[in-house]
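Take a look at the structure set out below.
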Amino acid sequence: MPVGTPGGIGAGRRPVAVHQGGCRPQGARVRAISADEARRLIAGDTGLACQLCRPDTEVRLL
């Protein structure tokens with residue numbers, strides 16, 4: 001699951017979205033995360049889950 005980049009501009013900031021790997025809108029500033037990290041991020045803020053690729057259903061949160 002990709003999420004906002006850890007280095008460069010915005011380093012240390014919270015992710016703004018969680019996407020599945022093949023999601024087109026994810027952009028260039030992404031990094032891969034584990035399914036467990038995706039679950040933790042989405043469980044903490046359901047608004048992080050992309051409404052197009054629905055990573056929350058992939059990691060079985062819905």
Side-chain angles (χ1 to χ4, degrees):
M1 304 264 156
V3 71
T5 186
I9 297 172
R13 294 180 66 181
R14 283 200 82 221
V16 294
V18 177
H19 299 274
Q20 288 192 51
C23 185
R24 287 191 162 281
Q26 70 187 7
R29 290 178 158 172
V30 298
R31 68 177 174 93
I33 61 172
S34 69
D36 286 337
E37 188 173 357
R39 281 186 201 95
R40 184 182 57 77
L41 287 168
I42 296 168
D45 182 355
T46 56
L48 289 177
C50 173
Q51 295 301 302
L52 298 175
C53 66
R54 302 302 306 257
D56 46 353
T57 58
E58 180 67 22
V59 295
R60 296 186 174 95
L61 284 176
L62 288 179

For Cys23 versus Cys50, what's the shortest heavy-atom pair and its separation? SG-SG, 3.8 Å
Which heavy atom of Cys53 sits nearest a heavy atom of His19, and at what distance?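 Shortest heavy-atom contact: SG-CA, 3.6 Å.
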If you define the side chain from C-beta out and look only at heavy atoms, does anything of Ile33 sit under 4.5 Å from Leu41? yes
Looking at Ile42, Leu48, Thr46, which hits side chain to side chain contact (heavy atoms under 4.5 Å, CB included) with Asp56?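 That would be Ile42.
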